Every structure is written in structure tokens, then in C-alpha cells.
Protein chains: 2
Amino acid sequence: MSKLVIPRKTVYRLSLYYRALARLKANKVETVSSAALAKAAGVKPTQLRKDLTYFGQFGTRGLGYNVLALSAQLTEVLGTTHLQPVILVGAGHLGSALLRYPGFAKEGFEVIAAFDADATRKRSRDLGVPVLPMEEIGRILSSQRIKMAILTVPGNVAQEVANGLIEAGVLAILNFAPIILQVPDNVVVNNVDLAIELENLSYFIQ
Amino acid sequence: MSKLVIPRKTVYRLSLYYRALARLKANKVETVSSAALAKAAGVKPTQLRKDLTYFGQFGTRGLGYNVLALSAQLTEVLGTTHLQPVILVGAGHLGSALLRYPGFAKEGFEVIAAFDADATRKRSRDLGVPVLPMEEIGRILSSQRIKMAILTVPGNVAQEVANGLIEAGVLAILNFAPIILQVPDNVVVNNVDLAIELENLSYFIQ
DNA sequence: CTGTGTGAAGGCTTTCACAGCC
DNA sequence: GGCTGTGAAAGCCTTCACACAG
């Protein structure tokens, strides 16, 4: 497939387009121009059109794009046609909040289990999934085909935990720990660092 | 100042370097080479050196960088020498978790108040800051000099709430709502969209 | 006449290669 | 010899300009 030639940034924006299309769908809009869709996604119209050409032609000249058709194409490219199972490691404050966050399920991800160093820790609410001790990670991952993990453990143990996940077959990690994980080439990591985002903002308002 | 010529991506990486230096400091390391620091930050050594040249020369040839001195320089450039006050809007699951997240304070940000449409909603734990009704935003912001806000409200009200914040003088927004906010040029927004990060990962492991 | 698709140009970032200093 | 600082080259991404289709 031509998958490898799609620039990383384009792939990221495809998700933005997909979101915007979902809203249009909800509003029963059938057709949208690159100008309107681009605005909703916060990019320039030419960029949107260029992004789409990486994997085909979807528009009608003089008219625009069919919302449903384009949306379906994007799901296809992004690989989110099926529910993707995910585990979460580190059920502290942030991890627990993420478990209750409805956004994952809405976008096609199902957190099937959570793990924590202290699995019996008292938690204020039911989290909707079992919280298991870390030692169970290998067993659960090998019994199901899980490739993605959300990592919300403290920074000082993150690398170690990540190593264990990778050994157990995890290929993608969404890392909230404030350190850069060292991983093999076949493993992909996306970092979400809240403090860095704030720091970054603070630079621009100086 | 030469501030405007520093590329956006460089600014972002400065935060990564700053983090890595903090760990070295904690380990009582006095000097570090660009190779070692770059590895800790997940970038190439030449990139680190190039990034630093945008605002000066800090290394000693043949030796490397003084950890404390470089760290101090970065704080200076990033504008995080002082505690920066922040408000949080939307004290739902995610917002509440962020309030308890120790990472902000550690990096020099103090959440001084939280706001929610339902300020009296029963919350499982004390959040460490007062949760006030939305109507109070204007009053609090005008009485204190607050320029930054963390936005954790549902997507369907995010734009409206953002408008209010901007009107009240907010210049920087860390947005967790899954929509692209339309804001004036003088306002800066950083988006954190967890579902998009997962979606992005899922593309790369297809 | 409106709005997409796209080669070419332009701009921005990263990487290289090596001069210069300790 | 080791390691930084940096102009130049390469690579990547965005934007332009316009051909082309409905």
C-alpha cells in the first residue's frame, strides 16, 4: 500500500478532518467544501486538499466532498474501522480519570483492563474495568491480541514498565509520564505532557 | 529581543531539554555532552546544539554543558522563572484529575481556581482549590492577573466558554475539548486530544 | 462560475560536515 | 582527542497558481 508515503503530519490532520466530519454528519450536512472543512479543522483549504490527494480523489469539482463518503474513507485509512482494544497501566489520579473519560469509547477504543502496582488501592468510584496487579500484564496480553497501551505511571518507573509492555507484545504506547521512553524501532510512542504544553503556552504570552 | 526568531518546534524542545536537565541535576551530574542530553530528550545531538544557538552559546568545547547554568538559561528563555497562575474551567472527571495532578505545580504553575457549570456538584475528594460557578470567571480574572486557562469542558460548549475566557483577558488556553477553537490572533491555543493521539497510534501499527 | 486536484515554488527544519576551541 | 558552534546542503512540508471538471 501507499501507506508509507503519507507524511506523519498529514496522518495527524486526517484525525482532525474526521472529527469535523463527524460533527457535520450529526448536523445532517451532506456536502462540504474544502474551505468549510478546513476551517473547522483549523487548517488551510489547500492543505486539506493536498492531504487528501495522498490517498485518492474524493471531491466533486464545483461542489465539494460528500460528508459520509469522505468520513468512511478516512476511517479506512486511519485503521479505525474496528474497535481497538487498549490497556491502561497506572490507575492513579490521571489514569482513573482517563478510564472514566467517554472520549475513547466514542472514537473506537475500548479499555479492556487496567493495571496498577497497588491493584487493591481504594478507589473512589467504580472504574468500569477491572484493576489488576502489574504481574498480570503478560498473561492478559498474551491471551488477547492487544497492541496498544496507555501509560500513566510515575516518571521514575515509566521506562521499566514500558519495557515490560514491549516484551509482552505492545507496539504502541500513549505515554503520559514526563520522560522520553527509549523503545525499539518497531514500537511507536506518542507523548502527552501536560506540563510541557503549559510551559510552551507560557513562552508565547511572555 | 530575538525571541521571535526562535522556531516553534525549538521552543517545544527546550522544554524537553529542561526536563532532562532537571533529572541530571537531581542526580548531581555537573556536566553533560550534547550527545547525552539529546538522547535523554529523544533528539539528535546536532539538533540540540542548533536549538541552543538560537539564543546563545552555553557549552565548553571538548567538555559539554554545565547542567545548572544551562538549566537556568532555559528557564529564562521559557519565561518560567516565576510561578504562573492558571485557572481550570470544567471540573468534570478529567478536570478534577488534572487538579490533583502534581506535575503542574512541580513545573511552576499554580492552579488558583476552578470553575464549573455546576459548582456544587458532589465531588469525591477535596480538589485543593475552590470550585466556583462560571459566572465568577470575569470577577476572578479581573481581580488577579491571570493569562492562562486549562479548558476541560465538553466539546459542545467549549467555543462559548473560550469566548468568555478571552473576553475576560485570557491569552493562552490549554484545550482538552475535541474541537478546534476559533480565537483571535493574539490568543494562543495548545490542543491536547487524547482520542486523536490514540487514533494516530493505531494508524502506525496497522 | 464554483471548487477540486496537483506540479512547481517557496519556506521551514533537520542533518551534515567541518572549523574552532578546550 | 573530544566536543561545541555553525554555514551549507538536504529533506520535508506548506502554499501558490492554475488546469480542469461539474
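Chain identifiers are assigned alphabetically (A, B, ...) following the order of the sequence lines, protein sequences preceding nucleic acid strands; residue numbering begins at 1 within each chain. Please read all numbers here as calculations on a predicted model, not as lab measurements.
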Find which nucleotide of DNA chain D each of A:Asp51 and A:Leu63 is nearest to by heavy atoms, and output the residue with the more 5' nucleotide.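 Counting from the 5' end, the first nearest nucleotide belongs to A:Asp51.
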For atom CD of A:Glu30, decide whether the heavy atoms of other residues, nucleotides or ligands shown that lie under 6.0 angstrom number more than 12.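 No, not enclosed.
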Student check: side-chain heavy atoms of B:Leu198 and A:Ile150 closer than 4.5 Å: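 Result yes, sub-4.5 Å side-chain heavy-atom pair found.
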Can you tell if the side chain of B:Asn200 reaches within under 4.5 Å of the side chain of A:Asn190, non-hydrogen atoms only?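 They are in side-chain contact.
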Residues in salt bridge (charged side-chain N to carboxylate O under 4.0 Å, His left out) contact with A:Arg13, at least two apart in sequence or another chain: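 Scan of A:Arg13 (salt bridge (charged side-chain N to carboxylate O under 4.0 Å, His left out), adjacent residues dropped) gives A:Asp51.
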Would you please name every residue forming a side-chain hydrogen bond (donor to acceptor under 3.5 Å, both in side chains) with A:Glu107, sequence neighbours left out?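 A:Arg19.
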Sequence neighbours excluded, which residues qualify as side-chain hydrogen bond (donor to acceptor under 3.5 Å, both in side chains) partners of B:Glu110?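 Checked B:Glu110 against side-chain hydrogen bond (donor to acceptor under 3.5 Å, both in side chains); zero matches.
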Interatomic distance, B:Ser71 atom OG to B:Phe58 atom CZ [nearest 0.5 angstrom]: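 The OG atom of B:Ser71 sits 12.0 Å away from the CZ atom of B:Phe58.
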Working to the nearest 0.5 angstrom, can you tell me the gap between A:Phe109 CZ and B:Leu201 CG?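 With rounding to 0.5 Å, CZ (A:Phe109) is 8.0 Å from CG (B:Leu201).
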In the 5'-to-3' direction, what one-character label does each nucleotide of nucleotides 5-11 of chain D receive under the scheme B = base within less than 4.0 Å of a protein heavy atom, S = sugar-phosphate only, - = no such atom? BBBB---
Pair A:Glu167, A:Asn163: side-chain N/O donor-acceptor within cut-off below 3.5 Å: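 No.
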A:Tyr54 OH - D:dC12 P separation (whole Å):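 The answer, rounded to whole Å, is 11 Å.
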Provide, to the nearest angstrom, the distance between the NZ atom belonging to A:Lys44 and the C1' atom belonging to D:dC16.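 In whole Å, D:dC16 C1' lies 12 Å from A:Lys44 NZ.
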Contact boundaries on DNA chain C for chain B, cut-off under 4.0 Å to non-hydrogen atoms: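 The protein-touched segment is C:dT13 to C:dC22.
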Check whether A:Tyr203 forms a cation-pi arrangement with B:Arg8 (NZ or CZ under 6.0 Å from the six-membered ring centre, at most 45° off the ring normal).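 No, B:Arg8 does not sit over the ring of A:Tyr203.
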Just to confirm, is there a sub-4.0 Å distance from OP1 or OP2 of D:dC13 to any side-chain nitrogen or oxygen of B:Arg8?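 For D:dC13, OP1/OP2 do not have a side-chain N/O of B:Arg8 under 4.0 Å.
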Does anything in residues 15-38 of chain B come within less than 4.0 Å of DNA chain D? Heavy atoms only, and list the residues if so.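 Heavy-atom cutoff 4.0 Å gives B:Ser33, B:Ser34.
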